[in-house]
Amino acid sequence: MVTVWDKAFPKSEKVDHRKITFMNCYGIALAADMYIPKNAEGKLPAIAVSGPFGAVKEQCSGLYAQTMAERGFLTIAFDPSYTGESGGFPRYMASPDINTEDFMAAVDFLSVQDNVDADKIGIIGICGWGGMAMNAAALDTRIKVTVVSTMYDMARVNANGYFDAEDSEEARFTKKQAMNKLRTEEYKRGEYSRAGGCMPLPVPEDAPFFVKDYSEYYKGRCYHERSLNSNEGWNSIGCQSFMNQPILKYSNEIRSAVLIIHGEKAHSYYFGKDAYEAMVKNSKYAANKELLTIPNADHTDLYDNLDVIPFDKMQKFFEENGVC
């Protein structure tokens with residue numbers, strides 16, 4: 001792991017930072033940055049952070065983790081399996097199962113630290129890792145609070161396309177045909193291809209706004225050499241398994257507190273809104289669930305815009321629900 005500070009955000013003088021590793025139950029070593037409030041004593045509430053989908057811990061998740069550490073939490077921002085400084089081969093793969101386990105493995109690690117209160121652990125999932133965080137919350141009763149920011153439901157977008165425009169058996173079959181043909185070709189060659197990251201700058205004027213939005217973040221102000229989206233993107237078949245493995249099926253059985261944060265102007269807002277509605281529908285546990293819509297905010301405003309990300313609200317939500 002890199003030992004020098006190579007984040008896309010400035011280092012805070014209010015926290016101590018160090019690199020750590022931990023194992024998930026599939027035997028993959030996960031790399032993380034740990035942030036601890038300076039001069040902290042005793043057992044601290046803890047938060048594990050990951051996302052966005054295709055980012056690394058040196059970008060958005062690290063900013064969230066460091067900021068929450070400034071507010072009194074011990075935090076870790078980790079690279080999911082197969083990405084960044086974490087292990088796993090072939091590289092640049094995603095999995096609804098393994099990536100949910102990554103969050104649970106982070107809870108394993110935090111639970112046994114001498115300076116962590118094991119009864120006060122929460123998680124933050126950003127973008128595509130918002131869906132994985134909710135899936136982890138539905139599985140892991142040790143998680144007391146989950147905060148989901150500018151989320152994607154990766155199962156839905158892979159199966160149905162953006163805005164559900166490809167929600168048909170025919171469209172899914174065509175996608176599966178193409179991916180499976182590619183699998184055979186690449187297996188014969190003994191190599192894999194990359195699907196491509198964000199468009200290079202400047203983005204063509206006729207590109208959709210969210211395409212420009214992503215490129216300005218990943219190729220511009222927060223470029224990082226290990227980030228998938230900043231470079232060649234995911235393995236070309238990296239997200240295939242999401243197509244028929246919905247990750248939010250039992251979200252309305254989550255008993256612990258969940259806060260979903262989304263920007264009003266984000267192209268992805270429908271993911272957060274619909275996830276909230278499904279989570280509270282016919283649920284006995286809706287009282288500690290909340291959807292917070294940020295007026296006029298777009299998707300990447302919640303990546304790095306410190307004037308938009310509601311850290312005060314996040315801190316209050318953790319504290320009010322027992323992670324304090």
Side-chain angles (χ1 to χ4, degrees), residues 23-31 50-56 78-105 125 127-133 135-136 139 151-200 208 210-211 214-215 218-219 224-249 268 271:
M23 301 291 290
N24 70 17
C25 74
Y26 294 101
I28 298 171
L30 301 181
S50 197
F53 198 80
V56 288
F78 65 88
D79 285 328
S81 296
Y82 308 107
T83 67
E85 294 183 309
S86 290
F89 188 83
R91 302 298 291 164
Y92 316 118
M93 294 292 292
S95 162
D97 182 13
I98 295 173
N99 295 141
T100 298
E101 160 61 20
D102 289 343
F103 263 118
M104 297 172 72
C127 186
W129 258 259
M132 254 72 80
N135 197 30
L139 282 169
M151 75 165 284
Y152 266 47
D153 177 346
M154 296 309 302
R156 181 176 177 178
V157 75
N158 277 282
N160 300 347
Y162 277 104
F163 314 111
D164 298 325
E166 300 168 3
D167 185 13
S168 70
E169 184 273 336
E170 292 84 0
R172 281 186 284 275
F173 184 77
T174 298
K175 285 190 283 188
K176 288 183 278 191
Q177 268 190 318
M179 281 190 283
N180 290 320
K181 179 182 179 183
L182 180 62
R183 290 179 73 111
T184 301
E185 293 170 352
E186 295 189 340
Y187 192 83
K188 286 178 181 177
R189 295 197 303 266
E191 61 185 27
Y192 61 84
S193 60
R194 304 280 290 277
C198 293
M199 294 182 70
F210 73 91
V211 173
Y214 280 138
S215 292
Y218 286 107
K219 295 288 191 180
H224 198 279
E225 62 181 6
R226 289 190 295 276
S227 169
L228 287 68
N229 292 339
S230 291
N231 297 287
E232 287 79 35
W234 289 93
N235 189 312
S236 295
I237 60 164
C239 298
Q240 185 176 12
S241 64
F242 281 97
M243 290 186 67
N244 64 345
Q245 297 187 49
I247 56 176
L248 302 180
K249 181 175 177 61
S268 53
F271 289 126

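What you see is a predicted model, and the numbers here were worked out from it, not measured in a lab.
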Might you point out which heavy atoms bring [X] and [Y] nearest each other, and give the distance in Å?
| X | Y | value |
| --- | --- | --- |
| Arg91 | Gly84 | NH2-O, 3.0 Å |
| Ser268 | Tyr152 | CB-CE1, 3.5 Å |
| Pro96 | Ser241 | CD-OG, 3.2 Å |
| Ser95 | Ile98 | OG-N, 3.0 Å |
| Ser227 | Gly54 | OG-O, 3.3 Å |

query: Parallel under 30°, tilted from 30 to 60°, perpendicular over 60°: which one fits the rings of Tyr214 and Tyr218?
result: tilted
message: Can you tell me how the ring of Tyr162 sits relative to the ring of Phe210, calling it parallel under 30°, perpendicular over 60° and tilted otherwise?
response: tilted
- request: Could you tell me which residues satisfy side chain to side chain contact (heavy atoms under 4.5 Å, CB included) with Asn135, sequence neighbours excluded, listed by chain and number?
  value: Thr100, Ile247
Rounded distance [0.5 Å steps], [atom1] in [X] versus [atom2] in [Y]:
| X | Y | atom1 | atom2 | answer |
| --- | --- | --- | --- | --- |
| Asn158 | Met154 | CG | CE | 5.0 Å |
| Lys175 | Glu166 | NZ | CD | 4.0 Å |
| Phe173 | Ser168 | CZ | OG | 12.0 Å |
| Tyr192 | Glu186 | OH | CD | 10.0 Å |
| Leu248 | Met132 | CG | CE | 10.0 Å |
| Ser236 | Arg183 | OG | CZ | 11.5 Å |

- prompt: Can you check whether Trp234 and Phe53 have ring centres sitting under 6.0 Å from each other?
  reply: yes
query: Of all residues at least two apart in sequence or in a different chain, which pass the side chain to side chain donor-acceptor pair (under 3.5 Å) check with Glu191?
result: Arg189
task: Test side-chain hydrogen bond (donor to acceptor under 3.5 Å, both in side chains) on Ser81 and Asn99 and set out the steps.
output: CA-CA 7 Å; Ser81 296; Asn99 295 141; 4.9 Å; no
Non-hydrogen side-chain atoms of [X] and [Y] separated by less than 4.5 Å:
| X | Y | answer |
| --- | --- | --- |
| Pro80 | Ser86 | no |
| Leu139 | Met104 | yes |
| Thr184 | Asn180 | no |
| Ile28 | Leu30 | yes |

Between the side chain of [X] and the main-chain N/O of [Y], is any donor-acceptor distance below 3.5 Å?
| X | Y | result |
| --- | --- | --- |
| Glu101 | Tyr26 | no |
| Thr83 | Tyr92 | no |
| Arg194 | Gly233 | yes |
| Ser50 | Phe103 | no |
| Lys219 | Pro200 | no |

- prompt: So Asn235 and Tyr82, side chain to side chain contact (heavy atoms under 4.5 Å, CB included) or not? Walk me through it.
  reply: CA-CA 10 Å; Asn235 189 312; Tyr82 308 107; over 6 Å; no
- request: Step by step, work out the salt bridge (Lys or Arg N to Asp or Glu O under 4.0 Å) result for Asp167 and Arg156.
  value: CA-CA 9 Å; Asp167 185 13; Arg156 181 176 177 178; over 6 Å; no
- request: May I ask you to check whether Asp97 and Gln245 show a side-chain donor-acceptor distance below 3.5 Å?
  value: no
message: For Asn244 and Arg172: C-alpha separation, side-chain torsions, deciding distance, then whether side-chain hydrogen bond (donor to acceptor under 3.5 Å, both in side chains) applies.
response: CA-CA 10 Å; Asn244 64 345; Arg172 281 186 284 275; over 6 Å; no
